[in-house]
Number of protein chains: 2
Amino acid sequence: MNKRRDRVTIVDVAAEAGVSFGTVSRVINNDVHVKPQTRERVLETMRRLNFVANRQARSLAGGRTNTIGLLVPDLGTGYIGEIIRGIDTELGDAGYDLMLYTTHRAATKEAGYVSNLVQGMVDGLILVLPRNPSDYIGIMTQRKFPFVLVDHQGTGEDCPAIGSTNWQGAFNATNYLVKLGHKRIGFITGWLDLGAAVDRLEGFKAALRTNKIPLLPDLIYEGTFAQLDGYTGALRFLDMKKPPTAIFASNDVMAMAAMDAVREKGLRIPEDISIMGFDDIPQASLMRPSLTTVRQPLEQMGRIAAQVLFDILKNPDHKHNRIELPTEIILRESTATLRKLQEEEPDLIRFH
Amino acid sequence: MNKRRDRVTIVDVAAEAGVSFGTVSRVINNDVHVKPQTRERVLETMRRLNFVANRQARSLAGGRTNTIGLLVPDLGTGYIGEIIRGIDTELGDAGYDLMLYTTHRAATKEAGYVSNLVQGMVDGLILVLPRNPSDYIGIMTQRKFPFVLVDHQGTGEDCPAIGSTNWQGAFNATNYLVKLGHKRIGFITGWLDLGAAVDRLEGFKAALRTNKIPLLPDLIYEGTFAQLDGYTGALRFLDMKKPPTAIFASNDVMAMAAMDAVREKGLRIPEDISIMGFDDIPQASLMRPSLTTVRQPLEQMGRIAAQVLFDILKNPDHKHNRIELPTEIILRESTATLRKLQEEEPDLIRFH
DNA sequence: AGTATTCATGTAAACGCTTCCAAAAATTTG
DNA sequence: CAAATTTTTGGAAGCGTTTACATGAATACT
């Protein structure tokens, strides 16, 4: 093993610098009790010998790994990509490494990974879009293992989490559609087991209420955030006697699929029907017409998740709760003032 | 440190199972020299005690980390996401963990990461779209450090790499456009420092030659794979006296931007102008019109990269060269037979 | 049955570092 | 200037494994 032989250790550095390996270790760890002059000599030697501390050994001896684990469902949409960018930035600055685990939607893998990771492979865990966190939040909390949830508000658990103002975002977006003149708005929900999905639905309902628009059960299609739901839901709406003039999907992926359905029916966006999404994933701005949507600050959510995790690492007993970041409506081409249908308005009103 | 105290080690397992810790280690490592009955007893004990082997210790003692490093430029487009999916699948099956490093286009970070990682943090390295690999391929080769390059053909280096048949893909795609009747085809190149970009350009040129179509320098716009190039390049083409009837961009991102430019000029896709991309990133099928493109088997490239790396790990002296995976044309909506312009054909011919 | 071979198991010595404690050197104090 | 105090340094004892090597048990062979 060449790799083995020519590796330079703190002992080599110590010998070369004429100090004990203990001192070298102190230098590595920025211990104050080293004479500046000695420190400089050691540092110089390390540089000259091209020394890199062995992470495994440090972890083993020190009990820290300087690595955090990231559990994500997938990397397909760019949605996660944005979040990772944020996490990665913070981690890099803090000198942590990132261990990536993809569950590929297999919820069962989650718990398995978690129980392994918690066993000391990483110092902390960031879980993005956890599927059924209740399975393991218990053991993590009990073991006081540092973790943060991203984009999930629990079904009751009270733990560190980063999310965004889903309710407010949906409320504002709906309000905006109403301002454009839309009174019949079809809403496609997300997976209602997730708090985020429920909040978006509630925001939608509240906005209708505020605007004194009756809530028609037929105009709510229950989806799961999956592409197909957007398509199916939109078709359901379009086949109604009086189809909605706008469709608000609980995420961009479903909104994009809804656009397909609308086009297949020979309708134009936004002239005939407006489409609103949620998330603002990168491709939302790339499609034509580009998608008006509610922006979640994904990258920032990632950054803050990392920061919160660091804080937990430092102050394990500090109480950390859910943090909500503001959402924002991004106006693009897929929504427009209700025009063509205005003559039909009386009709619509009669209907209600 | 609670974390510390309640950790169960092989010694605990050994005591509980009534064997020496050496035997437990053998069981963990699937050593043949363990009586089946003993093995079962140890396994049972491990299960009961919820034992998880400490990775740091294993690495330190064994000299292997069971972790591979992945260096990627970014996670934005889904392009990398696909590749990672492939890598991740293989890694998971083989029991390796994934350490992710993002360079965010900062080429300087690459070399830094590499020199650290090579120092024993990971057993091998997969570099996706390396920016300037010559900086560190040298040291890796010299140290015999296992690595694989993905989607990059060197500017001379002879090392393990996974790519696709860029030349053939571009050749076939161009041929296809010609079959549709297009004779004036605008080509937007990638970053010509990358072999892949050069190959695509050469494939394009060769197809023109085969079809006896003159190669007009004005119909080649030199880009860098970046979005803006697609836009600018397309505008350049469209402002010509005799604009091309088809545009072939060296990647999907530029093709998508070219579509924007075409639309801004009030032209329709594909009726007025056909657009062809390269890569087949996930969003290519999601845009409207959907993008006809040359598919690189990204996920498969990831898988094979991992497999090759495993092979290098097993047979360090085995010679590993570049592997090329076949590309494939994906027909979608952005290309069509040359129709409307057919009456102008004589004109075009006169021009050449 | 007695010896030669396997096979199964136990044990000590790393692996490269952190951390604690004690010793040595430098500094302050009376 | 010696004693007390503080700062700096050295070295031992782990951290939880793997991996030789040694030993003991079981099996095969003559």
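In what follows, every chain begins at residue 1, and chains take the letters A, B, ... in the order their sequences are listed. Since we're looking at a predicted model, the values are computed, not measured.
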Whole-Å distance separating the [atom1] atom of [X] from the [atom2] atom of [N]:
X	N	atom1	atom2	result
B:Asn29	D:dA20	CG	C1'	14 Å
B:Arg7	D:dC15	CZ	C1'	9 Å
B:Gln56	D:dG14	CD	C1'	16 Å
B:Ile10	D:dT19	CD1	P	12 Å
B:Gln37	C:dC7	CD	P	18 Å
A:Met46	C:dC17	CE	C1'	13 Å
A:Ile28	C:dC17	CD1	C1'	8 Å
A:Leu60	C:dC15	CG	P	14 Å

Respond yes when some side-chain nitrogen or oxygen of [X] is under 4.0 Å from OP1 or OP2 of [N], and no when none is.
X	N	value
A:Ser25	C:dC17	no
B:Asn54	D:dT17	no
A:Arg55	C:dT18	no

Identify the residue among A:Thr65, A:Thr67, A:Asn66 that makes a side chain to side chain donor-acceptor pair (under 3.5 Å) with A:Asp123.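 The residue from A:Thr65, A:Thr67, A:Asn66 that satisfies side chain to side chain donor-acceptor pair (under 3.5 Å) with A:Asp123 turns out to be A:Thr65.
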Treating B:Asn29 as the side-chain partner and B:Asp31 as the backbone partner, does any N or O pair qualify as donor plus acceptor under 3.5 Å?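 No, because the side chain of B:Asn29 does not come within donor-acceptor range (under 3.5 Å) of the backbone of B:Asp31.
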Indicate yes or no for a side-chain donor-acceptor contact from B:Ser59 to the backbone of B:Arg55 under 3.5 Å, with no hydrogens or angles considered.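 Confirmed, B:Ser59 side chain pairs with B:Arg55 backbone.
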Which nucleotide in the list C:dA14, D:dT19, C:dT18 gets nearest to the side chain of B:Ala61?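 The nucleotide sitting nearest to the side chain is C:dA14.
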Of the listed nucleotides (D:dT18, C:dG16, C:dC17), which one gets closest to any side-chain atom of B:Arg58?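 It is D:dT18.
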A side-chain contact here means heavy atoms from C-beta on lying under 4.5 Å apart; do A:Arg41 and A:Thr23 qualify?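 No, too far: nothing below the 4.5 Å cut-off.
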Less than 4.5 Å apart, any side-chain heavy atom of A:Thr141 and any of A:Phe147?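 Yes, close enough: below the 4.5 Å cut-off.
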Is it the case that atom NZ in B:Lys314 sees more than 12 heavy atoms from other parts of the structure closer than 6.0 Å?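 Count not over threshold, so no.
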Just checking, any donor-acceptor pair under 3.5 angstrom between side chains of B:Gln296 and B:Ser164?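 On atom types as modelled, these side chains qualify, holding a pair under 3.5 Å.
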Protein-nucleic acid N or O pairs under 3.5 Å, nucleotides 8-11 of chain C:
| residue | atom | partner | partner atom | Å |
| --- | --- | --- | --- | --- |
| C:dT9 | OP1 | B:Thr38 | OG1 | 2.5 |
| C:dT9 | OP2 | B:Lys35 | N | 2.8 |
| C:dG10 | OP2 | B:Ser20 | N | 2.5 |
| C:dG10 | OP2 | B:Ser20 | OG | 3.0 |
| C:dG10 | OP2 | B:Thr23 | OG1 | 2.8 |
| C:dG10 | N7 | B:Arg26 | NH2 | 3.0 |
| C:dG10 | O6 | B:Arg26 | NH2 | 2.7 |

Would you indicate what A:Thr9 reaches in the nucleic acid, counting non-hydrogen atoms under 4.0 angstrom: base, sugar-phosphate, or nothing?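 Counting heavy atoms under 4.0 Å across all strands, the contact made by A:Thr9 is with sugar-phosphate only.
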